[in-house]
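Have a look at the structure below before the remarks.
From a predicted model like this one, the values you see are computed outputs, not experimental measurements.
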Amino acid sequence: MTSRSANIYSMVACFLCGRAIYFPKKITWEYYLIASHGYIVFKLFSCITMGEWQLGIINMNCELVDPEGLLNQLRTLKSINVDGVMVDCWWGIVEADDPQVYNWSGYKRLFQIVRELKLKLQVVMSFHECGGNVGDDVHNPLPRWVTEIGQSNPDIYFTDREGRRNPECLSWGIDKERVLKGRTAVEVYFDYMRSFRVEFDEFFEDEIISEIEVGLGPCGELRYPSYPEKHSWRYPGIGEFQSYDKYLMKSLTKAAEARGHSLWARGPDNAGSYNSTPHETGFFCDGGEYDSYYGRFFLNWYSRVLIDHGERVLGLANLAFEGTSIAAKVSGIHWWYKTASHAAELTAGFYNPSNRDGYAPIAAMLKKHGAALNFTCVELRTLDQHEDFPEALADPEGLVWQVLNAAWDVCIPVASENALSCHDREGYNKILENAKPLTDPDGRHLSAFTYLRLSPVLMERDNFMEFERFVKRMHGEPVSDL
């Protein structure tokens, strides 16, 4: 810090699915030390669940269903100085029926309402299915023309050892395979992003759209779909490797032959199942095969495929959105963090056992493409996890600290979001603590925060007052401890 002032951030929040962001303000350094800061954005989902009542905000015909209700909710957020909204632009809605035929009409009307209220927009290019995971109250599948291809060629989807397909997103094995009506997967993503940039040019020129978050996998996160509820995964299961479609197996075979060990062209046969614990498996137990010559080869290849996918898509995103900030989201897989193998992270593609830093290569890749890192689970407390699930050996605080420092070490912006619903002061204080660690000698802090989510519970009087207090603290305003 070169002067006695510091950047803090205003907070943005999404009320339909519910998330938050930041933009800088200036305050004195003395005030910065005692105040929290942030730019809050609520994330707009395609639907909002209000108790037993569901409202489709943008339906499968890409129509804005209830603009008046939307306007009222946005005004509620505006009244407590929330600064913007985050919106998922679903691939399955916009390019639903035919390749390269895009319908942005509902999003255009939505963005106009946001602009009229002088709010900011953070937009997510959502190339995944919505539905089937924690917090999903609506089902938005992949485009119909893609699922039709999947019926005859199911290897376009991630596949587990038992041959179960996951249609939540496309396998990274087809990033460079022309299996989507003459286009590769990354060409499809690029064409979609380029269409969005052209269609919403005025919102970019007027700086209403402040950032594009690029979906890179399930739930929009850069990870393998290793713990899908649709395949009966339950917390804190270790999950399963997702490398068994024919395209990824071809990649693995090529890597094994290049290494001179063609017998390594296989996935681990002793890695358990979705709900196994590490010590039950020969691969993940202490001293297990994960740290053998073969295990290190396989895990290095598996994680390299993840990083290469990020490289390709973010490189094209920079071409499509030249001059606009981009970001990528990484999930916070904190269970089994206190074991040697970090099994749940390994199956998700994060090669982060206790003797290796698996997040530094991801941070370096994001740095190369000028992308911010959006990370989850900043509200979770390790002590709570030990009380609720002692068998999980989780450490969300340790994981958050590792990931944030990996990003800060290469000087990229770090944003975050809560992984679970948060309405209590302890949870908010943990978010604030991570947003600006007071013990950090370099004054490093989050560049954005996404709040999940606006719900009937949040709108209850006491909960909403607590949330409003949180917003004020993220803005750096003094508040009472009462």
Side-chain angles (χ1 to χ4, degrees), residues 158 160-161 171-173 175 216-218 221-227 237-244 248-249 251-252 254-256 258-259 261 264-272 276 278 281-312 314 328-368 373 375-377 393-396 398-407 409-410:
F158 284 107
D160 64 20
R161 185 174 180 81
S171 166
W172 303 331
D175 274 2
L216 296 172
E221 299 167 341
L222 181 60
R223 64 171 176 87
Y224 289 87
S226 57
Y227 49 98
I238 59 176
E240 291 191 23
F241 292 112
Q242 303 291 312
S243 55
Y244 294 92
L248 285 180
M249 289 304 296
S251 170
L252 177 59
K254 183 177 179 181
R259 182 71 182 270
H261 296 282
W264 287 357
R266 59 177 177 85
D269 56 12
N270 57 350
S276 296
T281 75
F283 192 81
F284 297 116
C285 66
D286 289 352
E289 195 177 13
Y290 79 91
D291 205 27
S292 67
Y293 286 111
Y294 159 72
R296 291 195 295 271
F297 159 77
F298 175 80
L299 292 170
N300 186 69
W301 167 81
Y302 191 71
S303 61
R304 189 69 244 174
V305 169
L306 176 148
I307 292 173
D308 287 347
H309 174 71
E311 288 262 16
R312 295 186 195 105
L314 292 177
K329 182 179 173 184
V330 174
S331 55
I333 301 178
H334 53 82
W335 53 105
W336 306 115
Y337 189 83
K338 288 193 170 184
T339 63
S341 63
H342 292 222
E345 291 168 87
L346 297 187
T347 59
F350 306 129
Y351 191 6
N352 191 54
S354 57
N355 60 355
R356 188 180 188 276
D357 185 352
Y359 297 100
I362 295 173
M365 180 270 290
L366 297 177
K367 171 73 172 181
K368 176 181 175 181
L373 168 66
F375 191 64
T376 63
C377 78
L393 296 175
D395 187 5
L399 175 63
V400 167
W401 188 241
Q402 179 187 357
V403 174
L404 264 56
N405 277 279
D409 283 348
V410 295

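- Without hydrogens or angle criteria, Tyr302 side chain to Thr347 main chain gives a donor-acceptor distance under 3.5 Å.
- A distance of 6.0 Å or more separates the ring centres of Trp301 and Tyr351.
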Q: Report the C-alpha distance between Glu289 and Asn270 in whole Å, list the side-chain angles of each, state the deciding distance to 0.1 Å, and finish with yes or no for side-chain contact (heavy atoms from CB on, under 4.5 Å).
A: CA-CA 9 Å; Glu289 195 177 13; Asn270 57 350; 3.1 Å; yes
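- Judged purely by atom type and a 3.5 angstrom limit, Lys367 uses its side chain to pair as donor or acceptor with the backbone of Val410.
- Here the side chains of Phe241 and Phe298 are in contact, with some heavy-atom distance below 4.5 Å.
- With sequence neighbours left out, Ser276 forms a side-chain contact (heavy atoms from CB on, under 4.5 Å) with Ile238, Ser273, Glu280, Thr281.
- Cys377 and Gly332 get closest at one heavy-atom pair: SG-CA, 4.0 Å.
- To the nearest 0.5 Å, the span separating CG on Leu346 from OH on Tyr290 amounts to 8.5 Å.
- Note: Leu366 CG to Ile307 CD1 = 9.5 Å, rounded to the nearest 0.5 Å.
- Aromatic pair Trp336/Phe284: centroids not less than 6.0 angstrom apart.
- Considering all non-hydrogen atoms of both residues, Ala344 and Ile333 come closest at CB-CG2, 3.6 Å.
- Here the CD atom belonging to Glu240 is positioned 9.5 Å from the OG atom belonging to Ser226, to the nearest 0.5 angstrom.
- Interatomic distance, Leu373 CG to Met365 CE, rounded to the nearest 0.5 Å: 9.5 Å.
- Judged purely by atom type and a 3.5 angstrom limit, Asn405 uses its side chain to pair as donor or acceptor with the backbone of Trp401.
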Q: For side-chain contact (heavy atoms from CB on, under 4.5 Å), just list the numbers for Glu221 and Val330, CA-CA rounded to whole Å, side-chain angles, deciding distance to a tenth of an Å, and then say yes or no.
A: CA-CA 5 Å; Glu221 299 167 341; Val330 174; over 6 Å; no
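- The shortest side-chain heavy-atom distance between Pro353 and Asp291 does not fall under the 4.5 Å cut-off.
- Under a cutoff of 6.0 Å and an axis angle of 45°, Arg266 and Tyr294 form a cation-pi pair.
- Of all non-hydrogen atoms in Gly267 and Leu252, the two that sit nearest each other are N-CD2, 4.3 Å.
- Ion pairing between a basic and an acidic side chain is recognised when a charged N comes within 4.0 Å of a carboxylate O; Lys368 and Glu311 show such pairing.
- Side-chain contact, Asp175 with His309: a donor N or O sits under 3.5 Å from an acceptor N or O.
- The two residues Ile362 and Phe350 come nearest to each other via the heavy atoms CD1-CD2, 3.7 Å.
- You'll find the ring centres of His261 and Phe297 outside the 6.0 Å limit.
- In this structure, Pro278 and Cys285 have side chains that are not in contact, with every pair of non-hydrogen atoms separated by 4.5 Å or more.
- With values rounded to the nearest 0.5 angstrom, Leu306 atom CG is found 8.5 Å from Leu216 atom CG.
- Side-chain contact between Asp269 and Phe283 is absent, with no heavy atoms from C-beta onward closer than 4.5 Å.
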(Q) Between Tyr227 and Ser331, does the side-chain contact (heavy atoms from CB on, under 4.5 Å) criterion hold? Intermediate values first, please. (A) CA-CA 12 Å; Tyr227 49 98; Ser331 55; 4.0 Å; yes
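- Between Arg223 atom CZ and Gln242 atom CD the span is 9.5 Å, to the nearest 0.5 Å.
- Within the 4.5 Å cutoff, the side chain of Gln402 has heavy atoms near those of the Asp357 side chain.
- For Tyr293 and Trp264, the distance between ring centers is not under 6.0 angstrom.
- Checking side-chain atoms of His342 against main-chain N and O of Asn352 turns up a donor-acceptor pair under 3.5 Å.
- Closest of all the heavy-atom pairs between Ser243 and Leu248 is O-CB, 3.8 Å.
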(Q) Run the side-chain contact (heavy atoms from CB on, under 4.5 Å) test on Leu393 and Trp335 for me, step by step, so that the C-alpha distance in whole Å, both residues' side-chain angles and the decisive distance to 0.1 Å come before the verdict. (A) CA-CA 6 Å; Leu393 296 175; Trp335 53 105; over 6 Å; no
